[in-house]
Amino acid sequence: MRKALRWLLALTVLIGTLSTASAATAAEPEATGTTGTTGTTATTDIKEQLLSIPGMSLIEEKPYTGYRFFVLNYTQPIDHRHPSKGTFQQRITVLHKDVSRPTVFYTGGYNVSTNPGRREPTQIVDGNQVSMEYRFFTPSRPDPADWTKLDIWQAASDQHRIFKALKKIYPENWVSTGGSKGGMTATYYERFYPKDMDGVVAYVAPNDVVNNEDSAYDRFFAGVGTKECRDRLNAVQREALVRREPLEKKYAEYAAAEGFTFDTIGSLDRAYEAVVLDYVWGFWQYSLLSDCDSIPADAKTATDDDIWTSIDTISGFSFYTDQGLSPYTPYYYQAGTQLGAPTIGFPHIEKKYIRYGYQPPRNFVPRDITMKFQPYAMRDVDTWVKHNARHMLFVYGQNDPWGAERFRLGKGAKDSYVFTAPGLNHGANVAGLVPDQKALATARILEWAGVASSTVQADPSAAKPLAKFDAKLDKRDVEREPALRP
C-alpha cells in the first residue's frame, strides 16, 4: 500500500494497563458448538460454530476452493478497562481450512480486506487465517468516537478477546503476523498478551523509540541504493520545489476538477510540499533499484509534466487533500500520540525552497480531535522486546526506509531473530531472505505452529512451505496506498 509518512502511555499508565488486563478478559465470550475432528466433517458446521460465539454475526461468506471464507462482525468493548461502557462492531475475517490445522492471526493495522487472501505464514503452515480490522478504521469505529480509546493496549485487547473466542474452535497452535503497522501491531499484542500466541512473525515493523531522534533515517538516505539513483531522485524532488509556482497552478486545477479540499492540512501549498517531500522516501519504500530507470535522468531539462507525473506516481497528489487524509485519521492520531513519526533532512535542497519540512501528525488530524504525545509507549515496547522476546521473527528489507529504526534483540531474547532481505523494499518477506536464513525462518515458523516434521526438526535446511503457492491467494506484491505510511 502506498503509505504516508508521519508517523505513551506514561509509565504509570502502562503499569495500569497491565494490571487491568484481567478485568478486560473477564468479559470475554465463550465459544460454543461442537468442534469435531475437522472443520468440514465436524458435527456442527463451521459457520454455525462461529456464529454460536456471543457477539459474532455474519456479514457474508465468499467461496474459495479448498477453504471457506467468512466476513464477520464481532462485538467489542469500546474500553476494555470498562467493558460495560459501550460496544462497537469490529470486522474480522476467517479463512477456514480445518480445525485440526494451526491458525495464523493477521492484522495489517488498518482496514481488513473482505476478499480471501493468505499471508506468507499461513501458506508456510498450511493453516487457517483470522484477520482483524484495526479499531477506529471505518466501519470498525465506535459512534460517537472517543479517540482516547484508540491506543496500542486497547487494540491488543481486541486481538486477545478474538483469540479467546476462537481458540475453542481452533485449538491447535496460533502464530500472529502482520506487515508494517501490522508488524508493529503483532509486536504490541505480544508485549501485552505474551501467553496467547505460540510465535510472532513481524514484517518491516518500524520501531521509533525516541521520537525526536531520527538521525538513523538521514544515514539511510545517504547510502541507500547507488549514488546515480539517489542523485536522480534528489534532483527531481528539488526541481519540483524550484518549479513550485507552475506546478501548484496545475495542482489547483487538478483539485478543482476532482473536488478536493485542504481544510485539515491548512492549504494547497502545505499539501504540495508534503507530497514532494514524500517522493524520495516513497520510491525506496515501494520500488527496487532496478526501477531507477523510470526516474527522469535530467530533472533540469525535464518538462513540468514529466516532473508532475513522476511525483504523482510515487507520492500521489490526491493524498494530502481532506478526502485523501480522512480514511487514515486513526493512523495519524496514533502516530501523534504513541507511535511517533520520522523527520529527515534534505541536504540536497536549499533551505529557501522548503517552507514547512516534514509536518507532524497533528497537521493531518482534524483540529477537533485532541492529541497529546505519550513518550514512554514505544520505549516500553522496545525494552520488553529486547529482554523478553520469545519465538519472535522480525523481517526487514535492505532498501526500506522504515527499517532504519527497527526492533533489535537483547540478551534476554530467546528463540527470536531479526533478518534482512537483501535488495528488497517494504514488501520484504521470508521468501526474499538469503537461503540459510530463509530455511531457518521457515523451520522456526513450522515449529512454532506445531507442524514441523521430524526431518525439519533435525535439519532446518529442509524446511519448505507446506501449502503450494496460489497466485491469487498468496499475492506477494507490496501493498500500496496513495502516499507514505508504515
Side-chain angles (χ1 to χ4, degrees), residues 38-40 64-69 93-108 113 115-131 170-180 182-183 186 190 197-205 391-398 415-479:
T38 69
T40 55
Y64 197 90
T65 303
Y67 294 88
R68 293 182 69 180
F69 180 73
T93 66
V94 175
L95 184 68
H96 170 82
K97 183 177 182 65
D98 194 306
V99 297
S100 67
R101 300 301 303 168
T103 299
V104 172
F105 198 162
Y106 166 76
T107 175
S113 172
N115 293 316
R118 194 166 61 179
R119 312 313 299 187
E120 187 179 45
T122 312
Q123 184 206 355
I124 289 174
V125 306
D126 192 20
N128 311 289
Q129 181 177 298
V130 174
S131 303
Y170 297 102
E172 303 304 320
N173 288 19
W174 283 59
V175 173
S176 65
T177 193
S180 197
E190 182 72 6
M197 297 288 106
D198 298 287
V200 178
V201 185
Y203 296 91
V204 295
H391 306 163
M392 298 186 73
L393 169 65
F394 295 91
V395 178
Y396 292 95
Q398 179 187 9
D415 191 18
S416 296
Y417 313 86
V418 179
F419 292 149
T420 300
L424 292 191
N425 55 20
H426 207 54
N429 56 14
V430 170
L433 297 173
V434 296
D436 288 351
Q437 291 182 348
K438 176 181 176 180
L440 176 58
T442 303
R444 298 319 299 148
I445 293 169
L446 292 171
E447 180 68 26
W448 298 338
V451 290
S453 66
S454 57
T455 300
V456 169
Q457 292 178 37
D459 179 12
S461 67
K464 295 180 180 179
L466 299 183
K468 292 182 179 180
F469 183 81
D470 181 316
K472 182 177 180 181
L473 207 59
D474 298 318
K475 187 176 181 182
R476 291 286 187 260
D477 293 340
V478 59
E479 297 179 0

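- Residue pairs that meet the salt bridge (Lys or Arg N to Asp or Glu O under 4.0 Å) test with at least one member in residues 447-461, sequence neighbours left out, do not exist here.
- When the side-chain contact (heavy atoms from CB on, under 4.5 Å) test is applied to D415, the partners found at least two apart in sequence or on another chain are H391, Y417, R444, W448.
- Taking OG of S113 as the reference point, atom OH of Y106 lies at 8.5 Å (rounded to 0.5 Å).
- Applying the side-chain hydrogen bond (donor to acceptor under 3.5 Å, both in side chains) criterion to Y396, with sequence neighbours excluded, gives no partner residue.
- Judged purely by atom type and a 3.5 angstrom limit, S176 has no side-chain atom pairing as donor or acceptor with the backbone of F105.
- Note: N173 CG to I445 CD1 = 13.5 Å, rounded to the nearest 0.5 Å.
- When all heavy atoms of G397 and V204 are compared, the closest pair comes out as N-CG1, 4.1 Å.
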Output a table of donor-acceptor pairs, distance under 3.5 Å, between side-chain atoms of residues 121-128 and any protein atom two or more places apart or on a different chain; print 'none' if there are none.
| residue | atom | partner | partner atom | Å |
| --- | --- | --- | --- | --- |
| T122 | OG1 | Q129 | OE1 | 2.6 |
| Q123 | OE1 | R476 | NH2 | 2.5 |
| Q123 | NE2 | A467 | O | 3.1 |
| N128 | OD1 | K97 | N | 2.7 |
| N128 | OD1 | D98 | N | 2.9 |
| N128 | ND2 | D98 | O | 2.9 |
| N128 | ND2 | R101 | O | 3.3 |
| N128 | ND2 | P102 | O | 3.4 |
| N128 | ND2 | T103 | OG1 | 3.4 |

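- For residues 421-436, no residue pair satisfies the salt bridge (Lys or Arg N to Asp or Glu O under 4.0 Å) rule, not counting sequence neighbours.
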Residue pair H96, Y170: steps toward the side-chain contact (heavy atoms from CB on, under 4.5 Å) verdict: CA-CA 10 Å; H96 170 82; Y170 297 102; 2.7 Å; yes
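- The side-chain contact (heavy atoms from CB on, under 4.5 Å) test applied to A421 returns L424, A428, L433, not counting sequence neighbours.
- In this structure, Y203 has no ring pair (Phe, Tyr, Trp, His ring centres under 6.0 Å) partners at least two apart in sequence or on a different chain.
- Applying the side-chain contact (heavy atoms from CB on, under 4.5 Å) rule to K472 yields the partners Y64, D470; only residues at least two apart in sequence or on another chain are considered.
- The two residues G178 and A186 come nearest to each other via the heavy atoms N-CB, 4.4 Å.
- In this structure, T65 has no side-chain contact (heavy atoms from CB on, under 4.5 Å) partners at least two apart in sequence or on a different chain.
- Note that CG of L95 and CG of N115 are 11.5 Å apart. Values are rounded to the nearest 0.5 Å.
- Nearest heavy-atom pair, V175 versus M197, reported as atom, atom and distance to 0.1 Å: C-SD, 3.9 Å.
- When the side-chain hydrogen bond (donor to acceptor under 3.5 Å, both in side chains) test is applied to T420, the partners found at least two apart in sequence or on another chain are R406.
- Here the shortest heavy-atom pairing between T455 and A462 reads CG2-CB, 4.1 Å.
- F419 contributes atom CZ, which lies 4.5 Å from atom CG of L440 (distance to the nearest 0.5 angstrom).
- In terms of the salt bridge (Lys or Arg N to Asp or Glu O under 4.0 Å) criterion, D198 has no residue partners (sequence neighbours excluded).
- Nearest approach of E190 to V200, heavy atoms of both residues: OE1-CG2, 3.4 Å.
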